[in-house]
Asker: 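Can you read through this structure? Questions will come right after.
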Amino acid sequence: MMQTVQLSVADRVYAAAVREALSRSCACHVESVDRPDPGLAGVLVLDESGFARLPLPLSNPERVVLITRRDPRLLAQAWEAGIVSVVSEADPISTVLLAIMAAALRVAKSHNLPIPSGISPSHAPVVAPIPPQNRTSGSKRCKIQ
């Protein structure tokens, strides 16, 4: 299933760069929106003005990627809203893509969607316990000369 990314970024040049980078590296449908709709499934990529238009509290803040300048007041608002992916406008596009992909994985995991990637996590890892008879016990001392 192809995920939707709502892109609400006022800077048209920056939004176009993010859209192009997503089209080259992700299997997702990108929609440019003036007003993000948190009722729709998928990832929300927002700048400060897009974030200001969201109704708080957010029901799924783990799917939001906030692109912002380093304003302590805005960062505090994002923290209080539960947003875990905040990147700077000055960060390289590759960092922004990484944050978007991480949010997409969180969305897929929370909704049990198949993850469209060649590197997807397998089911629970197999753990090989060490039987007690093979464990070494007792204290170890280091000789210092």
Side-chain angles (χ1 to χ4, degrees), residues 1-132 134-140 142:
M1 176 180 206
M2 185 178 288
Q3 279 203 25
T4 299
V5 174
Q6 293 183 59
L7 184 61
S8 180
V9 176
D11 181 341
R12 300 290 182 204
V13 174
Y14 190 85
V18 172
R19 175 186 281 281
E20 181 184 332
L22 281 169
S23 69
R24 283 186 279 123
S25 55
C26 299
C28 59
H29 172 71
V30 181
E31 292 181 8
S32 293
V33 296
D34 289 327
R35 186 172 202 88
D37 184 356
L40 297 176
V43 176
L44 302 171
V45 180
L46 314 169
D47 61 5
E48 295 171 24
S49 61
F51 178 58
R53 290 186 200 105
L54 283 180
L56 298 176
L58 297 173
S59 59
N60 299 87
E62 70 278 356
R63 67 191 186 112
V64 175
V65 176
L66 179 61
I67 302 169
T68 185
R69 60 188 178 1
R70 297 170 198 240
D71 176 9
R73 190 177 57 226
L74 182 67
L75 293 173
Q77 290 173 344
W79 175 266
E80 290 169 6
I83 296 174
V84 296
S85 294
V86 179
V87 293
S88 170
E89 298 169 329
D91 287 336
I93 290 292
S94 59
T95 302
V96 176
L97 284 178
L98 185 60
I100 294 169
M101 288 182 218
L105 286 173
R106 287 190 296 270
V107 168
K109 185 176 181 181
S110 69
H111 296 300
N112 292 325
L113 299 174
I115 299 169
S117 169
I119 306 174
S120 61
S122 61
H123 296 0
V126 177
V127 178
I130 300 173
N134 291 345
R135 289 190 180 150
T136 57
S137 61
S139 64
K140 304 281 185 198
C142 179

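We number each residue from 1, following the sequence as shown.
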Asker: Does any N or O in the side chain of Gln3 come within less than 3.5 Å of the main-chain N or O of Ala104, such that one atom is a donor and the other an acceptor?
Answerer: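 Pair found, side chain donor or acceptor close to backbone of Ala104.
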
Asker: Check whether any side-chain heavy atom of Pro38 sits under 4.5 Å from a side-chain heavy atom of Ser59, and report yes or no.
Answerer: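 SC-SC contact between Pro38 and Ser59 ruled out.
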
Asker: Closest heavy-atom contact between Leu66 and Phe51?
Answerer: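 Heavy atoms only, the tightest pair is CD1-CB, 3.7 Å.
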
Asker: Test: salt bridge (charged side-chain N to carboxylate O under 4.0 Å, His left out). Region: residues 44-54. Which pairs qualify, not counting sequence neighbours?
Answerer: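 Sorted pair list: Glu48-Arg69.
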
Asker: Going by side-chain contact (heavy atoms from CB on, under 4.5 Å), name the residues that satisfy it together with Leu58, two or more places apart in sequence or in a different chain.
Answerer: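 Leu54, Leu56, Pro61, Val64, Ala81, Ile83.
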
Asker: List in chain and number order the residues that pass side-chain contact (heavy atoms from CB on, under 4.5 Å) with Cys26, two or more places apart in sequence or in another chain; answer none if no residue qualifies.
Answerer: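 With neighbours one apart ignored, the set is Leu22, Cys28, Met101.
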
Asker: Do Val18 and Val5 have side chains that get closer than 4.5 Å, going by heavy atoms?
Answerer: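 Result no, sub-4.5 Å side-chain heavy-atom pair not found.
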
Asker: Applying side chain to side chain donor-acceptor pair (under 3.5 Å), which residue pairs with at least one partner in residues 20-37 are found, sequence neighbours left out?
Answerer: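 Counting only pairs at least two positions apart or across chains, the side chain to side chain donor-acceptor pair (under 3.5 Å) contacts touching residues 20-37 are Arg19-Ser32, His29-Glu31.
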
Asker: Looking at every heavy atom in both Pro36 and Gly50, which two are closest together, and how far apart are they?
Answerer: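 Reported closest heavy-atom pair: CG-O, 3.7 Å.
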
Asker: Applying side chain to side chain donor-acceptor pair (under 3.5 Å), which residue pairs with at least one partner in residues 4-17 are found, sequence neighbours left out?
Answerer: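 Sorted pair list comes back empty.
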
Asker: Once side-chain contact (heavy atoms from CB on, under 4.5 Å) is applied, do any residues pair with Asp91, and if so which ones, sequence neighbours excluded?
Answerer: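 So Asp91 forms a side-chain contact (heavy atoms from CB on, under 4.5 Å) with Arg70, Val87, Ser88, Thr95.
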
Asker: Rounded to the nearest 0.5 Å, how far does CZ of Arg63 lie from CG of Leu44?
Answerer: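 Reported value, rounded in 0.5 Å steps: 4.5 Å.
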
